[in-house]
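For reference, the structure discussed in these notes is given below.
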Amino acid sequence: MTARPYVLLSAAMSVDGYLDDTSSERLLLSNAEDFDRVDQVRAESDAILIGANTMRRDNPRLLVNSDERRAQRVADGKPAYPLKVTVTRTGDLTADLKFWHHGGDKLVFTVDSAVEKVRATLGDLADVVSVGPDLDWGLVLDELGRRGVKQLMVEGGGTIHTQLMAQNLADEVHLAVAPLLVGQADAPKFLGAADYPGGSTSRMRLLEARAIGDVVLLRYAPMERG
């Protein structure tokens with residue numbers, strides 16, 4: 001049986017747990033030094049995943065920005081850029097998003113009812129795979145493992161982070177906590193309400209706590225709950 005990827009959830013959030021505010025401009029929570037750290041983690045990963053909602057809202061390119069890191073990937077026998085992955089139940093994607101036009105290979109996971117819609121929209125911009133009538137994260141990870149993905153970096157959004165944490169599929173979490181307060185009920189949060197493994201008293205193992213300028217990086221092992 002092919003091994004599933006090591007799943008690393010990565011997010012920057014405010015002290016009160018928000019990924020963004022409700023303004024039309026993206027709220028920059030990290031600082032330059034932390035953005036560089038994220039670029040390093042991207043370079044170390046075989047694939048980077050974001051949800052369709054995050055793609056529509058933020059329209060990111062999702063790249064390894066450092067020339068040196070891309071060159072090192074190539075020297076190691078890897079593509080210059082990690083595989084870029086998204087998931088969508090509805091198939092509501094457009095071909096003009098930056099995600100499709102920068103970097104290397106792209107992969108879309110969807111469901112049976114939307115697969116032809118996505119293929120018609122994207123054409124040869126991405127490989128499109130259905131995982132059945134419902135979005136099954138186990139099947140997503142199985143397929144990524146078959147494609148040689150050993151480390152999957154998940155950069156959001158909150159719905160996907162919540163689903164993977166609730167299904168106990170996250171091996172590691174990187175949280176960059178910024179000294180900001182958002183306080184807007186409609187703003188997106190890192191995690192939502194869910195039936196998390198072990199309940200509210202089950203503690204994750206802390207791997208690292210480190211100051212990066214005015215941001216604090218917290219690394220946890222969610223599966224190693226006490």
Side-chain angles (χ1 to χ4, degrees), residues 5 7-12 19-20 23-30 32 34-111 113-131 135 137 140-141 143-144 146-161 164 174 188:
V7 178
L8 189 159
L9 308 188
S10 176
L19 300 173
D20 202 349
S23 71
S24 59
E25 298 294 324
R26 184 184 175 191
L27 178 64
L28 296 181
L29 292 155
S30 293
D34 188 59
F35 281 128
D36 187 65
R37 175 194 63 82
V38 170
D39 197 63
Q40 177 64 40
V41 179
R42 286 181 179 178
E44 294 167 354
S45 300
D46 301 297
I48 307 169
L49 184 148
I50 61 168
N53 285 336
T54 300
M55 192 189 303
R56 287 187 292 263
R57 184 181 67 244
D58 296 342
N59 197 19
R61 296 184 305 161
L62 215 67
L63 302 175
V64 174
N65 294 308
S66 164
D67 294 339
E68 292 79 8
R69 288 171 183 144
R70 293 197 305 273
Q72 185 60 56
R73 284 180 57 87
V74 173
D76 293 339
K78 300 177 181 180
Y81 295 97
L83 174 69
K84 297 201 299 187
V85 185
T86 191
V87 294
T88 174
R89 284 188 174 89
T90 64
D92 292 336
L93 297 168
T94 58
D96 61 342
L97 293 167
K98 294 176 184 177
F99 183 92
W100 314 116
H101 301 284
H102 300 272
D105 292 339
K106 291 90 181 176
L107 174 61
V108 181
F109 286 104
T110 188
V111 296
S113 60
V115 64
E116 293 307 323
K117 176 182 178 181
V118 176
R119 286 174 178 160
T121 298
L122 298 180
D124 62 359
L125 291 173
D127 190 7
V128 181
V129 174
S130 176
V131 290
L135 188 61
W137 280 107
V140 169
L141 296 179
E143 178 62 22
L144 289 172
R146 281 192 290 271
R147 291 174 180 245
V149 175
K150 294 180 174 60
Q151 177 167 297
L152 173 67
M153 182 182 186
V154 181
E155 295 200 39
T159 299
I160 288 177
H161 288 319
L164 290 169
H174 290 189

Check your understanding: Can Ile160 and Val87 be said to form a side-chain contact (heavy atoms from CB on, under 4.5 Å), step by step?
Key -> CA-CA 9 Å; Ile160 288 177; Val87 294; 3.6 Å; yes
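- Contact check on Arg119 versus Asp124 returns no salt bridge, with no Lys/Arg side-chain nitrogen under 4.0 Å from an Asp/Glu carboxylate oxygen.
- Counting only heavy atoms from C-beta outward, the side chains of Gln151 and Leu8 approach each other to under 4.5 Å.
- Using modelled atom types, one side-chain atom of Thr54 and one backbone atom of Gly157 make a donor-acceptor pair closer than 3.5 Å.
- Of the possible polar contacts, none joining the His101 side chain to the Leu125 backbone as a donor-acceptor pair under 3.5 Å is found.
- Going from atom CG of Leu107 over to atom CG of Leu144 covers 6.5 Å, rounded to the nearest 0.5 Å.
- Considering only heavy atoms from C-beta on, Asp20 comes within 4.5 Å of Arg57 through its side chain.
- Between atom CG of residue Asp58 and atom CG of residue Leu27 there is a gap of 10.5 Å, rounded to the nearest 0.5 Å.
- Note that CG of Leu164 is 8.0 Å distant from CG of Leu49, once rounded to the nearest 0.5 Å.
- A distance of 9.5 Å separates CG in Leu97 from OG1 in Thr86, rounded to the nearest 0.5 Å.
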**Study point:** Step-by-step side-chain hydrogen bond (donor to acceptor under 3.5 Å, both in side chains) determination, Gln40 to Glu44
**Key:** CA-CA 6 Å; Gln40 177 64 40; Glu44 294 167 354; 2.9 Å; yes
Review point. Could you walk me through whether Val74 and Asp76 pass the side-chain contact (heavy atoms from CB on, under 4.5 Å) check?
Key: CA-CA 5 Å; Val74 173; Asp76 293 339; over 6 Å; no
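- Ion pairing between a basic and an acidic side chain is recognised when a charged N comes within 4.0 Å of a carboxylate O; Arg56 and Asp92 show no such pairing.
- One distance of note links NE2 of His174 with OG of Ser10; it measures 7.0 Å at 0.5 Å rounding.
- The pair Arg69-Asp39 counts as a salt bridge, with a side-chain nitrogen and a carboxylate oxygen less than 4.0 angstrom apart.
- When every heavy atom of Tyr81 is checked against every heavy atom of Gly104, the shortest pair comes out as CB-N, 3.8 Å.
- Listed here is the closest heavy atom pair of Leu19 and Ala11: CD2-CB, 3.9 Å.
- Between Val128 and Val115, some side-chain heavy-atom pair lies under the 4.5 Å cut-off.
- We find the CZ-NZ distance between Arg61 and Lys98 to be 7.5 Å, quoted to the nearest 0.5 Å.
- Looking at every heavy atom in both residues, Ala126 comes nearest to Val108 through CB-CG2, 4.0 Å.
- Side-chain contact between Thr110 and Glu116: absent, with no pair of heavy atoms (C-beta onward) separated by less than 4.5 Å.
- A salt bridge between Asp34 and Arg37 is present, with a side-chain N of the basic residue lying under 4.0 Å from a carboxylate O of the acidic one.
- Annotation: cation-pi pair Lys84/Phe99 present, NZ/CZ under 6.0 Å from the ring centroid and within 45° of its normal.
- Side-chain contact between Leu83 and Ile48: absent, with no pair of heavy atoms (C-beta onward) separated by less than 4.5 Å.
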Point to revise | Thr88 vs Phe109, side-chain contact (heavy atoms from CB on, under 4.5 Å): CA-CA, chis, key distance, verdict | key: CA-CA 6 Å; Thr88 174; Phe109 286 104; over 6 Å; no
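- Nearest heavy-atom pair across Ala47 and Val85 is CB-CG2, 4.1 Å.
- Proximity of Asp46 to Pro5: side-chain heavy atoms (C-beta onward) are nowhere separated by under 4.5 Å.
- Counted by atom type alone, Glu25 and Ser23 present zero donor-acceptor pairs between their side chains at under 3.5 Å.
- A donor-acceptor distance shorter than 3.5 angstrom exists from the side chain of Arg73 to the backbone of Ala80, with no hydrogens or angles considered.
- Look at Arg42 and Glu155 and you find a salt bridge, because one of the NZ, NE, NH1 or NH2 atoms lies within 4.0 Å of a carboxylate O, short of that distance.
- Under the 4.5 Å side-chain criterion, counting only non-hydrogen atoms from C-beta, Lys106 is not in contact with Leu122.
- When side chains are defined from C-beta on, Met55 does not count as touching Leu62, because their heavy atoms never get closer than 4.5 Å.
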Review point. Under the side-chain contact (heavy atoms from CB on, under 4.5 Å) criterion, do Met153 and Val38 qualify, and how do the steps go?
Key: CA-CA 10 Å; Met153 182 182 186; Val38 170; 3.8 Å; yes
